[in-house]
Amino acid sequence: MLILEKTIGPRSCVVEGKQLFAYLLVGVINTAICLGTYGVFILVFFTSFWEANFAAFITSVTIGYILNRKFVFKRSNRTMTSESWRYFVVISLQFIVATAFIGIFVSLGVSEISSYCLTMPFVVLISFLVQKYWTFKSSPLTDDALGFL
């Protein structure tokens, strides 16, 4: 019963909500950094949008991993190597899935912006859950030993 309460009790929902909020906040910060990187490459280095977008993606993946590891998923017991390749896989799949769904909506006559707005909440939520339970997963022993919130 104690395990069940720890897993799905009210305290778990509060922790999940705080963690989701932190994940969204990191996403906003990361988006701002990504946009800044894109702008610098376009306006300062005079690169093509392709090169600027590539630089922004690399910056975004790197900064996103660091911020998520440090501020959102603090109790992972995986090695950085294990986490980083998992993080990259999830972010890459997130990009592919989002692009596919945006394309589907656009082909159905929905505007590009509306398609993005319809797609991203679901993709971000799924990404959060995969990051939490696969990329940055910690064992129950680690949670107990650290006094899980």
Side-chain angles (χ1 to χ4, degrees), residues 2-42 45 47-107 112-113 115-149:
L2 180 61
I3 292 172
L4 184 61
E5 286 176 2
K6 248 186 153 175
T7 308
I8 61 172
R11 192 174 189 185
S12 175
C13 291
V14 170
V15 170
E16 195 87 15
K18 286 180 183 179
Q19 199 171 36
L20 180 59
F21 178 76
Y23 185 77
L24 294 173
L25 184 60
V26 162
V28 168
I29 292 166
N30 198 24
T31 299
I33 292 169
C34 186
L35 183 58
T37 302
Y38 183 84
V40 166
F41 272 78
I42 292 288
F45 298 129
T47 65
S48 69
F49 73 87
W50 180 99
E51 294 164 315
N53 194 42
F54 181 75
F57 178 75
I58 296 300
T59 302
S60 176
V61 169
T62 305
I63 297 296
Y65 170 73
I66 292 167
L67 292 176
N68 277 301
R69 186 174 205 273
K70 178 119 175 107
F71 298 108
V72 181
F73 304 107
K74 302 174 194 173
R75 292 193 170 92
S76 174
N77 60 352
R78 295 192 190 279
T79 65
M80 276 184 91
T81 304
S82 174
E83 284 178 351
S84 60
W85 76 261
R86 287 168 186 259
Y87 183 82
F88 182 76
V89 167
V90 173
I91 292 300
S92 297
L93 289 174
Q94 176 183 337
F95 176 78
I96 292 166
V97 168
T99 302
F101 276 96
I102 290 168
I104 290 168
F105 283 127
V106 168
S107 72
E112 288 88 351
I113 300 297
S115 296
Y116 185 87
C117 292
L118 287 169
T119 299
M120 291 316 290
F122 297 105
V123 171
V124 168
L125 181 60
I126 302 278
S127 179
F128 168 74
L129 293 172
V130 175
Q131 296 289 16
K132 178 177 177 72
Y133 294 108
W134 186 61
T135 304
F136 296 101
K137 182 180 180 181
S138 60
S139 69
L141 179 60
T142 304
D143 290 344
D144 289 341
L146 294 173
F148 189 65
L149 302 174

Spacing of Tyr38 atom OH and Thr31 atom OG1 [to the nearest 0.5 Å]: 15.0 Å

Thr81 backbone acceptor or donor facing Ser84 side chain under 3.5 Å: yes

Close side-chain approach of Tyr133 and Lys137, heavy atoms under 4.5 Å: no

Pair Glu112-Ile102, side chain to side chain contact (heavy atoms under 4.5 Å, CB included): steps then yes or no: CA-CA 7 Å; Glu112 288 88 351; Ile102 290 168; 5.7 Å; no

Straight-line distance of Leu20 CG to Leu24 CG, nearest 0.5 Å: 4.5 Å

Parallel, tilted or perpendicular, as decided by the 30° and 60° cut-offs, for the rings of Phe136 and Phe73: parallel

Contact summary for Gly64 and Asn30, nearest pair of heavy atoms: CA-ND2, 3.5 Å

Whether Trp50 and Phe54 hold their rings parallel, tilted or perpendicular, with breakpoints at 30° and 60°: parallel

Ile29 CD1 to Ile63 CD1 distance, which is reported to the nearest 0.5 Å: 11.0 Å

Test item: Ser107 side-chain N/O and Ile104 main-chain N/O as donor-acceptor pair under 3.5 Å: yes

Value rounded to 0.5 Å, distance of CG in Leu93 from CD1 in Ile126: 12.0 Å

Heavy-atom pair with the smallest gap, counting every atom of Tyr87 and Val61: CE2-O, 3.4 Å

Non-hydrogen atoms of Val123 and Gln94 that approach each other most closely: CG1-CG, 3.1 Å

Flag if over 12 foreign heavy atoms under 6.0 Å of CZ, Phe57: yes

More than 12 heavy atoms of other groups within 6.0 Å of Tyr116 OH: no

Nearest non-hydrogen partners of Val124 and Tyr23, listed with the distance: O-CE2, 3.8 Å

Any donor-acceptor N/O pair, Glu51 side chain to Ser48 backbone, under 3.5 Å: yes

Shortest non-hydrogen contact from Arg78 toward Arg69: O-NH2, 4.0 Å

Heavy-atom closest pair, residues Lys74 and Lys70: CG-O, 3.4 Å

Leu129 CG to Trp134 CH2 distance, which is reported to the nearest 0.5 Å: 14.5 Å

Any donor-acceptor pair under 3.5 Å from Glu83 side chain to Thr135 backbone: no

Test item: Thr59 side-chain N/O and Ala55 main-chain N/O as donor-acceptor pair under 3.5 Å: yes

Ser127 side chain near Val90 side chain, heavy-atom distance below 4.5 Å: yes

Residue pair Lys132 / Phe128, side-chain heavy-atom distance below 4.5 Å: yes

Atom pair CG (Asn53) and CD1 (Ile42), whose distance is rounded to the nearest 0.5 Å: 9.0 Å

